[in-house]
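Right, one structure below, let's go through it.
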Amino acid sequence: PLSAGWLPALQFVRRGSKAVTRHWKAMHFQRQKLMAVTEYLAPRPAVPPRCLAPRKETLEEDDGYVRLLRRQVEEVFRDNRMIAVCQYNSMPDEDVVLMRHYLRKHNIEVKFVLNEIVRPVLSQSKYKNLLPLFVARNILLVSPETKAKEMLRVLKGVPQINLLGACIDDTILSRQGVEKFAKLPSLEASQGQTAGALALLPSQTSSLLQRGSVHLTALLDQHIRRLQAGETGSPAEPAPAQSLGAP
């Protein structure tokens with residue numbers, strides 16, 4: 001008799017099954033010989049590679065427009081005393097026009113250049129140390145005069161333009177170097193200070209050299225007056241230096 005309790009009407013019985021596995025089996029000997037015979041062998045060249053004549057490298061000639069742009073870059077670096085390299089970030093056209101207007105007031109021009117044009121020119125010139133600055137999109141701020149202070153004042157209001165470095169009077173400066181250069185006095189003021197300092201030393205030297213002879217001359221004049229006064233019996237006149245201090 002069935003044990004007391006409830007049994008399900010449907011029961012699942014799990015039956016075991018063989019796992020399908022593929023075991024490695026060595027290739028038949030005849031098949032191995034067939035594969036070895038039919039293996040592809042590349043044909044040997046009729047002439048060894050070392051006996052072949054070297055290929056002539058064809059030099060690609062630059063486009064005329066590219067040569068023109070490179071010539072313009074050379075003129076920019078040759079005709080201007082200040083060349084500032086800046087990183088250019090995207091900004092509205094109105095801001096670009098306004099920035100150019102403010103810079104043009106100080107005789108500073110904005111040049112948009114391509115790295116593919118500038119880098120070959122700089123690599124063959126004395127400005128090759130500026131090559132690390134031309135990585136991203138750059139612009140050049142050029143001027144025939146050293147207007148570093150005015151340039152920094154304009155760039156202070158344009159955060160999209162970042163000064164990376166500059167070449168002023170054939171001297172390469174970093175951003176900090178440009179800021180220090182802008183704090184220097186003008187060339188005329190520096191020349192005046194230098195001329196004054198150079199003229200001060202000779203004047204002091206001349207006065208020191210003449211002091212002894214002037215003092216000796218005054219003593220001799222006073223001695224002569226005393227001798228003349230002793231011969232005539234009249235009181236000696238005071239020396240000019242003493243009469244000036246008399247009330």
Side-chain angles (χ1 to χ4, degrees), residues 61-200:
E61 296 183 359
D62 295 334
D63 189 10
Y65 183 64
V66 174
R67 293 197 300 269
L68 175 62
L69 294 179
R70 290 179 181 176
R71 193 179 302 114
Q72 291 178 356
V73 172
E74 293 176 357
E75 293 176 356
V76 166
F77 278 86
R78 184 178 63 250
D79 300 337
N80 294 281
R81 296 176 57 190
M82 185 184 72
I83 302 100
V85 184
C86 302
Q87 181 184 3
Y88 176 77
N89 299 312
S90 180
M91 56 188 300
D93 296 338
E94 295 80 5
D95 296 342
V96 176
V97 174
L98 193 61
M99 178 192 67
R100 280 188 163 185
H101 172 68
Y102 287 134
L103 290 174
R104 197 175 291 113
K105 284 185 175 180
H106 304 291
N107 198 15
I108 302 175
E109 295 292 336
V110 180
K111 301 290 184 181
F112 287 87
V113 294
L114 298 175
N115 295 340
E116 295 80 6
I117 302 299
V118 178
R119 294 183 67 88
V121 176
L122 295 182
S123 61
Q124 301 176 0
S125 65
K126 59 183 178 182
Y127 306 106
K128 61 178 63 178
N129 291 333
L130 290 173
L131 285 175
L133 302 181
F134 292 91
V135 178
R137 190 177 181 185
N138 302 101
I139 61 174
L140 299 178
L141 305 181
V142 299
S143 175
E145 303 175 4
T146 57
K147 298 293 188 68
K149 185 182 299 183
E150 293 79 0
M151 179 186 67
L152 292 176
R153 189 184 302 118
V154 175
L155 293 182
K156 189 176 181 180
V158 187
Q160 293 87 352
I161 306 297
N162 300 320
L163 179 63
L164 301 178
C167 180
I168 301 177
D169 288 337
D170 295 337
T171 303
I172 298 177
L173 302 175
S174 62
R175 179 184 177 88
Q176 292 77 13
V178 176
E179 293 175 352
K180 293 180 181 179
F181 180 83
K183 296 178 182 179
L184 296 177
S186 61
L187 181 60
E188 293 76 9
S190 301
Q191 290 176 349
Q193 294 176 0
T194 304
L198 294 176
L200 179 61

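Just so it is clear, the model here is predicted, and its values are computed rather than measured.
- To the nearest 0.5 angstrom, Ile83 atom CD1 is 13.5 Å from Glu109 atom CD.
- In plain terms, the two heavy atoms of Tyr88 and Met91 that are nearest each other are OH-CG, 3.6 Å.
- Contact check on Arg70 versus Glu74 returns no salt bridge, with no Lys/Arg side-chain nitrogen under 4.0 Å from an Asp/Glu carboxylate oxygen.
- Under the ring pair (Phe, Tyr, Trp, His ring centres under 6.0 Å) criterion, Tyr65 pairs with no residue, sequence neighbours left out.
- Rounded to the nearest 0.5 angstrom, Thr146 OG1 and Arg81 CZ are separated by 5.0 Å.
- Taken to the nearest 0.5 Å, the CG atom of Leu130 stands 4.0 Å off from the CD1 atom of Ile172.
- Closest non-hydrogen pair, Asn138 versus Val135, comes out as OD1-N, 3.6 Å.
- Rounding to the nearest 0.5 angstrom, the gap separating the OG atom in Ser125 from the CZ atom in Arg78 is 11.5 Å.
- Heavy atoms only, all atoms of each residue included: Pro159 and Gly157 are closest at CD-O, 3.6 Å.
- Considering every non-hydrogen atom in both Leu103 and Leu141, the closest pair reads CD1-CD2, 3.9 Å.
- Closest non-hydrogen pair, Glu179 versus Leu152, comes out as CA-CD1, 3.9 Å.
- In this pair, Tyr127 and Phe77 present their aromatic rings tilted. The plane angle is within the 30 to 60° band.
- Judged by distance alone, with hydrogens and angles left aside, the side-chain atoms of Asn115 form a donor-acceptor pair with the main-chain N or O of Ala136 at under 3.5 Å.
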